Colleague: 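I am attaching a structure below and will ask some questions about it afterwards.
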Amino acid sequence: MKIGIVGAGQLARMIALAGYPLEMQFLFLDPSADACAAPLGELLLGDYDDPALLQRLAAEADVVTYEFENVPPASIAYLEGHCPVYPNSRSLATARDRLHEKTLLNQLGIVTAPFAAVDSLAELQQAVSELGLPAVLKTRTLGYDGKGQAVLRKPDDIEAAWQQLGGVPLILEGFVNFTREVSIIAVRGRDGECRFYPLAENTHRNGILHLSVSCPNDPLQGQAEAYADKLLAALDYVGVMALELFQADDTLIANEMAPRVHNSGHWSIEGAETSQFENHLRAIAGLPLGSTAARGHAAMLNYIGELPDTHKVLAAGAHLHRYGKAPRPGRKVAHATVCATDAQALQRRLTRLLAD
Ligand code: AMP
């Protein structure tokens, strides 16, 4: 079976690595000649909206998926008209726009921060008077890793935030005083079967994910699964999805979804019976889903902007995944996973890895 992937970054690379044992072949569309998934398949080199390349992708792939949500919607609409595409364009359109996303979440009874659409300074002032301060102003589309957002703490910040972000559609969100950030990775097959990975607890640095620790038997697992289950069904979703959540008291507050495999699920390569990458492929290919059960406790550490010393990481008892990318500030270039049979042993391994 030939899998087409829009994008050829590290997510596409890890999807392909998971597909090789199943004898899957890969065709990537990416504008960068040195895209890091390229050595694992055939690269269609060009823009994500190149009509000739989209036509080839649709003609040659049995099924198409994508590794990031900023794919032009028109490209996915075109592909959908010519071959199976998972997740579907509605899921992508919902995930791309924070206003559509939060509106749907609330319609499904999933708790979010209060929010309001903002398209002018007057609307921002009105939204602040309704939601109060502090609040977070975000671009509705194209934001990632904390980019395209500003925290408003005092009335003076309103105008500055508008200067910084205004001019594109925005959303103002009430500030959530969370105790921790978690995410749930879920997968839904073509036949509608859903499976859920154990929650991961996530720590960010400079707006970028730094550490994810899997939480088998977390007391909030059921609440997170109920949210994800509703969302998957409402979107008739196929493939892996991530839902990022805040915990405040004993309630989970949904922040955003990613219509793809997710950095906070990388631990599943070694830490779960079936990785998120393999389950994504199984789902979109119409194959039986694999068990999402944890094999024990696992934690994943990102390397950002600087390549790790392979010898040191391996000597610390970790598994290392280098993405084949040249280091640049803020760029994810590798991750390491540590596994253990209990939380204390995991912490010891993690401390050793972080010390190196
Ligand atoms: P996002 O791009 O929505 O994932 O936001 C990036 C980070 O900003 C999150 O991981 C949180 O740490 C923080 N953040 C986002 N939205 C809120 C909010 N409404 N209240 C408090 N913190 C937030």
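If you're wondering where the values come from, they're calculated on a predicted model, not measured in any experiment. Atoms within a ligand are numbered from 1 in the order they appear, just like the ligands themselves. Positions are given from 1 along the sequence.
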Colleague: Look at ligand 1 and say whether Gly148 reaches it with a heavy atom at a distance under 4.0 Å.
Modeller: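 No, Gly148 has no heavy atoms under 4.0 Å from ligand 1.
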Colleague: Between CG of Asn279 and OH of Tyr197, what distance do you get to the nearest 0.5 Å?
Modeller: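 OH of Tyr197 is found 4.0 Å from CG of Asn279.
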Colleague: Side chain, backbone, both or neither: which part of Asn202 has a heavy atom under 4.0 Å from ligand 1?
Modeller: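 For Asn202, no heavy atom sits under 4.0 Å from ligand 1.
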Colleague: Short list, please: which atoms of ligand 1 are under 4.0 Å from a heavy atom of Glu181?
Modeller: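 This gives 9 (C), 10 (O), 11 (C), 12 (O) as the contact atoms.
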Colleague: Does Val176, backbone or side chain, put an N or O under 3.5 Å from an N or O of ligand 1?
Modeller: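 By distance alone, the answer is yes.
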Colleague: Numbering the atoms of ligand 1 from 1, which are under 4.0 Å from a heavy atom of Val136?
Modeller: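 Heavy-atom distances to Val136 below 4.0 Å select 17 (C), 18 (C), 19 (N), 20 (N).
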Colleague: I'd like to know if the side chain of Ser89 pairs up with that of Glu80 as donor and acceptor (distance under 3.5 Å, no hydrogens or angles considered).
Modeller: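 Yes.
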Colleague: Is it true that Phe68 and Tyr48 have ring centroids separated by less than 6.0 Å?
Modeller: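 Aromatic pair counts; centres sit under 6.0 Å.
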Colleague: For atom 16 (N) of ligand 1, which of the options Glu244, Glu256, Lys138, His204 provides the nearest non-hydrogen atom?
Modeller: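 Looking at heavy atoms only, the winner is Lys138.
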Colleague: Can you confirm whether or not the ring centre of His335 sits under 6.0 Å from the ring centre of His321?
Modeller: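 Aromatic pair counts; centres sit under 6.0 Å.
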Colleague: Is it true that a side-chain atom of Asp97 and a backbone atom of Thr94 form a donor plus acceptor pair closer than 3.5 Å?
Modeller: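 A pair under 3.5 Å: no.
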Colleague: Is the shortest N/O to N/O distance between Ala113 and ligand 1 below 3.5 Å?
Modeller: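 For ligand 1, there is no N or O atom that lies under 3.5 Å from one belonging to Ala113.
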